S.K.: 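Got a structure for you, questions after.
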There are 2 protein chains.
Amino acid sequence: MTTITARERLINAAVEAFAEKGFAATTTRDIASRAGMSPAAVYVHHDSKESLLYTVSLQGHRAALDVINRAALTHDEPVARIRTMVYEFSLWHAVHSRVGRIVQWEYHALTPEHRAEVGAIRRSIERTMQDALTDGVGQGVLDVTDVPGTAFSLLSLGVDLVRWFEPGGSRSGDELASLHADLAVRMVVAR
Amino acid sequence: MTTITARERLINAAVEAFAEKGFAATTTRDIASRAGMSPAAVYVHHDSKESLLYTVSLQGHRAALDVINRAALTHDEPVARIRTMVYEFSLWHAVHSRVGRIVQWEYHALTPEHRAEVGAIRRSIERTMQDALTDGVGQGVLDVTDVPGTAFSLLSLGVDLVRWFEPGGSRSGDELASLHADLAVRMVVAR
DNA sequence: GTCTATAAATCGATAGAC
DNA sequence: GTCTATCGATTTATAGAC
């Protein structure tokens with residue numbers, strides 16, 4: 001059985017509020033209300049509004065990095081590897097579109113120290129994608145002239161989902177992730 | 001000779017501030033200060049903070065629609081048409097990355113009425129891209145199974161530029177737009 | 001059309017009782 | 001660890017002089 005602590009209830013409430021209204025437009029009263037608590041109760045479990053954002057953003061960045069790193073290990077063959085990486089990265093942004101929106105859109109609202117920490121995870125995500133492309137080019141299986149730019153473009157497909165995707169909408173996350181994976185292969189495969 | 005009115009100075013200041021800190025985190029004092037005016041002067045030229053956002057967002061959406069509509073008219077041949085549309089759409093988001101960020105990220109901060117008006121322009125942009133794909137499929141030149149999803153993906157390349165692109169950075173807008181155009185053609189061309 | 005001054009509301013965060 | 005009450009700062013927007 002899973003016990004949900006008051007601290008976690010507040011984090012879930014913050015995810016809802018930040019994703020819906022943005023960090024700056026969200027009040028601590030709103031977060032407390034969504035968690036069924038008084039405004040003062042927030043500060044028993046979290047230091048500040050920004051520390052709530054930091055917790056959500058750090059967990060989200062780590063989850064996204066984990067997803068793409070695991071995907072990179074599933075295949076040695078470069079085309080299948082890229083396909084899986086793009087599929088899993090896009091699927092994560094669809095399934096976790098609220099956290100994804102906070103990760104991608106509220107980066108600037110973090111303190112400089114927290115932004116630096118999270119920024120390192122972002123660069124690690126980009127490096128993982130670049131390494132997969134470079135490996136495929138080296139094997140002669142992929143045709144990619146601009147590796148950093150193409151890596152960005154492949155990630156952009158998933159990232160931009162958080163702008164409009166709603167779970168329970170007309171399109172499933174799996175459907176969109178599969179489309180992105182197909183498009184990704186066409187973008188990079190040599191022929 | 002071009003005369004810049006006080007009203008336009010305030011709009012330019014709002015673009016700077018909204019793009020840098022987001023709409024909710026921007027104060028009317030900040031906008032006034034950037035325009036070299038007192039806080040009260042803002043309300044002589046604009047009704048509210050939201051009406052400043054609406055002005056910027058509407059102009060930005062109209063400019064982006066105009067860019068992609070004009071690009072669609074430059075070629076009859078489907079591949080060249082898609083290439084030009086993606087190039088121009090991405091280039092616009094790079095060159096106007098501050099307005100682009102406001103257009104793409106502050107949609108939710110508009111009033112429901114203004115959001116509906118701007119939303120119609122968004123759907124028109126998507127329709128223009130979808131029509132170009134459908135036409136190419138009909139001519140047998142393009143191979144696109146999921147027209148709406150692919151249209152979204154092609155636009156995502158440009159949209160996601162506003163998340164990180166800075167004019168004067170290590171990569172030029174033309175360089176990125178050309179990359180996106182190349183990738184777009186590979187995504188949709190039949191072979 | 002610009003300013004100073006301020007109204008009225010709301011914010012993040014804290015004090016202190018229980 | 002929860003609450004009510006509130007502090008002190010900040011916000012959008014307005015009033016009224018010039």
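Here the structure is a predicted model, which is why all the values come from computation and not from measurement. All chains are named by letter (A, B, ...) in the order of the sequence lines, taking the proteins before the strands, and each is independently numbered beginning at 1.
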S.K.: At 4.0 Å (heavy atoms only), tell me whether B/T26 reaches a base, stays on the sugar-phosphate, or touches nothing.
M.R.: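 Sugar-phosphate only.
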
S.K.: Rounded to the Å, how far apart are A/R29 CZ and C/dA9 C1'?
M.R.: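 About 11 Å, once rounded to whole Å.
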
S.K.: Once side-chain hydrogen bond (donor to acceptor under 3.5 Å, both in side chains) is applied, do any residues pair with B/R98, and if so which ones, sequence neighbours excluded?
M.R.: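 In terms of side-chain hydrogen bond (donor to acceptor under 3.5 Å, both in side chains), with neighbours along the sequence ignored, B/R98 is linked to no residue.
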
S.K.: Nearest-Å distance, CD1 (B/I4) to P (C/dG1)?
M.R.: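 Checked: the CD1 to P distance equals 16 Å.
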
S.K.: Going by the rule side-chain hydrogen bond (donor to acceptor under 3.5 Å, both in side chains), which residues pair with B/T150 if we only count those two or more places apart in sequence or in a different chain?
M.R.: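 Per chain and number, B/T150 pairs via side-chain hydrogen bond (donor to acceptor under 3.5 Å, both in side chains) with no residue.
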
S.K.: With sequence neighbours excluded, give me every ring pair (Phe, Tyr, Trp, His ring centres under 6.0 Å) pair touching residues 79-98 of chain A.
M.R.: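 Sorted pair list: A/F89-A/H93, A/W92-A/H96.
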
S.K.: Please list, by residue number, the residues of residues 42-52 of chain A whose heavy atoms come closer than 4.0 Å to an atom of DNA chain C; answer none if no residue qualifies.
M.R.: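 When residues 42-52 of chain A is checked for heavy atoms under 4.0 Å from DNA chain C, the hits, listed by number, are A/Y43, A/S48, A/K49.
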
S.K.: Could you work out, with salt bridge (charged side-chain N to carboxylate O under 4.0 Å, His left out) as the rule, every residue matching A/R9, not counting sequence neighbours?
M.R.: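 If we apply the salt bridge (charged side-chain N to carboxylate O under 4.0 Å, His left out) test to A/R9, skipping adjacent residues, there are no hits.
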
S.K.: Of all the choices, D/dA13, D/dC3, C/dC11, which nucleotide is nearest to the side chain of B/T28 once you look at every atom?
M.R.: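 Of the options given, the side chain of B/T28 lies nearest D/dA13.
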
S.K.: Going by the ring pair (Phe, Tyr, Trp, His ring centres under 6.0 Å) test, which pairs reach into residues 145-175 of chain B, not counting sequence neighbours?
M.R.: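 For residues 145-175 of chain B: A/F152-B/W164, A/W164-B/F152.
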
S.K.: Taking only residues two or more places apart in sequence or in another chain, which ones pass side-chain hydrogen bond (donor to acceptor under 3.5 Å, both in side chains) with B/Y54?
M.R.: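 Expected list: B/E117.
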
S.K.: How would you label the contact of A/T27 with the nucleic acid (heavy atoms, under 4.0 Å): base, sugar-phosphate, or nothing?
M.R.: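 The residue A/T27 makes sugar-phosphate contact but no base contact.
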
S.K.: Enumerate all atom pairs, one protein N or O and one N or O from nucleotides 15-18 of chain C, separated by less than 3.5 Å.
M.R.:
none

S.K.: Do any pairs count as a ring pair (Phe, Tyr, Trp, His ring centres under 6.0 Å) and have a residue in residues 22-42 of chain B, sequence neighbours left out, and if so which ones?
M.R.: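 For residues 22-42 of chain B: B/F18-B/F23.
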
S.K.: Running the 4.5 Å side-chain criterion over Ile, Leu, Val, Met, Phe, Trp and Tyr, what cluster does B/L73 land in, apart from itself?
M.R.: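 None; B/L73 is a cluster of one.
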
S.K.: I need the residues from residues 10-24 of chain B with at least one non-hydrogen atom less than 4.0 Å from DNA chain C; give them sorted by number, or say none.
M.R.: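 Within residues 10-24 of chain B, no residue comes under 4.0 Å of DNA chain C.
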
S.K.: Between B/R70 and B/D66, is there a salt bridge with N-O shorter than 4.0 Å?
M.R.: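 Salt bridge flag = yes for B/R70 with B/D66.
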
S.K.: Using salt bridge (charged side-chain N to carboxylate O under 4.0 Å, His left out) as the criterion, list what pairs up with A/E16, not counting sequence neighbours.
M.R.: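 Residues passing salt bridge (charged side-chain N to carboxylate O under 4.0 Å, His left out) with A/E16: A/R34.
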
S.K.: Can we say A/D30 and A/K49 salt-bridge, meaning some charged N sits less than 4.0 Å from an Asp/Glu carboxylate O?
M.R.: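 Salt bridge flag = no for A/K49 with A/D30.
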
S.K.: For A/M37 and D/dG1, what is the distance between atoms CE and P respectively, to the nearest whole Å?
M.R.: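 Roughly 10 Å, once rounded to whole Å.
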
